Amino acid sequence: MDIAPLDSWIPGSRRPVLISGPCSAESEEQVLQIARELLPLGINLYRAGIWKPRTRPGAFEGIGEVGLRWLQTMKQETGLKACVEVANAHHVELCLEAGIDVLWVGARSTVNPFTVQEIADAVKGVDIPVMVKNPVNPDLNLWIGAIERIHNAGITKLAAIHRGFSSYEKIKYRNRPMWEIPIELRRIFPNLPVFCDPSHITGKREYLQEVAQKAYDLDFDGLMLESHCNPDKALSDNEQQITPTNLALLMGKLIVRRRNTDDEQFNTTLEQMRALIDQQDEELVRILRERMTVVEQIGHIKQEQNITILQPERWNEIFNTRTDWAKKHNLSEDLVLRIFQLIHQESIRKQTEVMRNNEKQDIRNAI
Ligand code: PEP
Ligand code: MN
């Protein structure tokens with residue numbers, strides 16, 4: 001994918017970027033007041049929801065078109081750039097007319113390829129940056145698909161926003177971060193800027209700091225954090241918004257880590273340690289290969305004796321002994337179990353393959 005560098009649309013951005021503003025534009029005064037208070041923080045983009053995708057009807061569904069005019073006034077007064085969520089072609093049209101600088105596709109739109117395509121068609125031929133939030137469900141391909149649709153419409157000023165994944169189970173945060181998904185996205189598209197949205201991940205202001213720090217530790221390109229002058233009275237997402245003053249405090253506490261250093265001693269030590277890890281990983285793979293060879297041999301003798309592939313008592317024994325070994329060697333039991341679940345699944349798959357092949361051969365021999 002041809003992705004424009006971040007500073008081509010967020011000029012002079014000192015990495016990491018900061019996007020802030022209210023969940024929703026509520027009044028002209030609210031939009032302006034928040035912007036005035038955010039200005040000294042040096043934010044890179046001002047956000048405000050104009051059309052709000054609410055899960056249940058009856059909640060505040062956004063102020064609508066009039067809010068775009070407030071954002072125009074805000075831009076004139078402060079010089080800040082504005083970004084808005086768009087969920088259909090009409091929203092795109094109105095935002096373009098109003099001179100909104102950056103658009104974003106929300107989590108509930110990313111799940112729907114028809115919606116994303118409609119938005120993509122509406123931005124075709126326009127030089128506007130588009131940010132794509134992850135879909136509400138943990139489906140990396142859906143996220144990638146949405147980014148590709150926008151890219152295919154000719155947009156190269158692109159970014160992804162990680163806002164977590166919804167979960168039926170009660171969890172600490174509003175949405176599960178599942179950091180491995182944005183990490184994999186970055187592996188696939190190393191040039192794609194990825195921002196983190198701790199507000200929608202946590203749903204609660206007390207957890208914003210830890211999630212923002214985690215994003216910095218994982219080398220995200222920036223943060224989107226909701227702010228409001230009177231968060232408790234906000235018409236949407238009131239529990240997760242913070243005042244610009246508290247946002248400044250939060251940002252002040254964040255530790256920004258470097259991507260690399262010229263320190264020779266550090267670089268040499270790191271290289272040596274990585275060489276050691278490379279050897280250990282190769283050893284792990286070699287041992288796995290040996291284990292699979294034994295698994296295949298067992299598959300052959302089980303097939304000869306017509307014995308089931310799964311033997312629950314053996315799996316139980318593996319489960320218990322490996323947990324004990326994890327404890328003995330001071331490793332996370334959960335990690336060891338998850339690894340053995342995967343290995344066991346693969347062993348079953350391998351033995352099934354061995355049995356099917358042998359049986360096909362038996363049939364062939366019989367005819
Ligand atoms: C928002 O940013 O206000 C929003 C609705 O977010 P999401 O699409 O992540 O739920
Ligand atoms: Mn919100």
Side-chain angles (χ1 to χ4, degrees), residues 17-26 30-31 34 38 43-57 59-64 67-68 71 82-88 91-92 95 100 102-112 115-116 119 129-139 142-143 146-147 150 159-167 171 173-179 181-182 185 194-205 207-208 211-212 215 220 222-243 247:
V17 159
L18 177 58
I19 304 167
S20 192
C23 177
S24 307
E26 298 170 5
Q30 175 245 21
V31 167
I34 296 171
L38 285 175
I43 65 164
N44 303 94
L45 263 181
Y46 184 87
R47 64 150 283 154
I50 298 293
W51 304 277
K52 299 305 298 178
R54 298 292 85 183
T55 305
R56 307 270 304 270
F60 177 61
E61 295 195 322
I63 205 73
L68 295 173
L71 285 174
C83 62
V84 165
E85 173 179 351
V86 289
N88 57 42
H91 294 166
V92 173
C95 283
I100 297 302
V102 176
L103 308 177
W104 88 80
V105 180
R108 292 162 194 78
S109 300
T110 306
V111 286
N112 184 348
T115 300
V116 177
I119 296 169
V130 180
M131 308 187 287
V132 182
K133 286 201 171 195
N134 65 258
V136 282
N137 54 327
D139 185 336
L142 213 41
W143 198 2
I147 294 165
I150 305 288
I161 303 177
H162 170 232
R163 50 78 79 197
F165 303 90
S166 68
S167 151
I171 51 167
Y173 300 147
R174 175 175 172 186
N175 289 298
R176 229 181 251 285
M178 305 182 79
W179 297 100
I181 296 180
L185 179 72
V194 184
F195 303 138
C196 178
D197 172 351
S199 306
H200 292 89
I201 290 179
T202 63
K204 283 236 165 20
R205 57 183 75 97
Y207 301 133
L208 294 175
V211 170
F220 275 62
L223 300 172
M224 179 187 257
L225 280 157
E226 288 182 340
S227 54
H228 196 288
C229 291
N230 194 351
D232 287 332
K233 293 273 153 49
L235 298 183
S236 58
D237 289 351
N238 61 329
E239 288 179 40
Q240 69 195 35
Q241 304 203 60
I242 51 174
T243 60
L247 178 63

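Read the numbers this way: they start at 1 and go in the same order the structure lists the ligands and their atoms. All residue numbers refer to positions in the sequence shown, counting from 1. Because only heavy atoms are used, hydrogens play no part in the values below, and waters and symmetry mates are left out as well, while side chains stay in. Quick caveat, the model's predicted, so the values are computed rather than measured.
Of the inter-residue distances, the one linking Glu26 atom CD with His228 atom NE2 reads 3.5 Å to the nearest 0.5 angstrom. Put simply, CD on Gln241 and SG on Cys229 are 10.5 Å apart, with the number rounded to the nearest 0.5 Å.
Ranking the protein heavy atoms by distance from atom 9 (O) of ligand 1 puts Arg163 NE, 2.6 Å first. Scanning all protein heavy atoms for the shortest distance to atom 6 (O) of ligand 1 gives Lys133 NZ, 3.0 Å. Given atom 8 (O) of ligand 1, the protein heavy atom at minimum distance is Ala107 N, 2.9 Å. Scanning all protein heavy atoms for the shortest distance to atom 4 (C) of ligand 1 gives His200 NE2, 3.5 Å.
Checked against the Mn ion (ligand 2), the N, O or S atom of Glu226 at the shortest distance is OE2. Among the heteroatoms counted here (N, O or S) of Asp237, OD2 is the one nearest to the Mn ion (ligand 2).
Residue Met224 does not touch ligand 1, judged by heavy-atom distances below 4.0 Å.
Residue Arg108 has at least one nitrogen or oxygen atom sitting less than 3.5 Å from a nitrogen or oxygen atom of ligand 1, judged on distance alone. Of the polar atoms of Arg47, at least one N or O is found under 3.5 Å from an N or O of ligand 1, judged by distance alone.
For the residue pair Trp179 and Cys196, the shortest heavy atom distance occurs at CH2-SG, 4.0 Å.
Compare Lys52, Glu85, Arg54, Gln240 by their heavy atoms: the one nearest to atom 3 (O) of ligand 1 is in Lys52.
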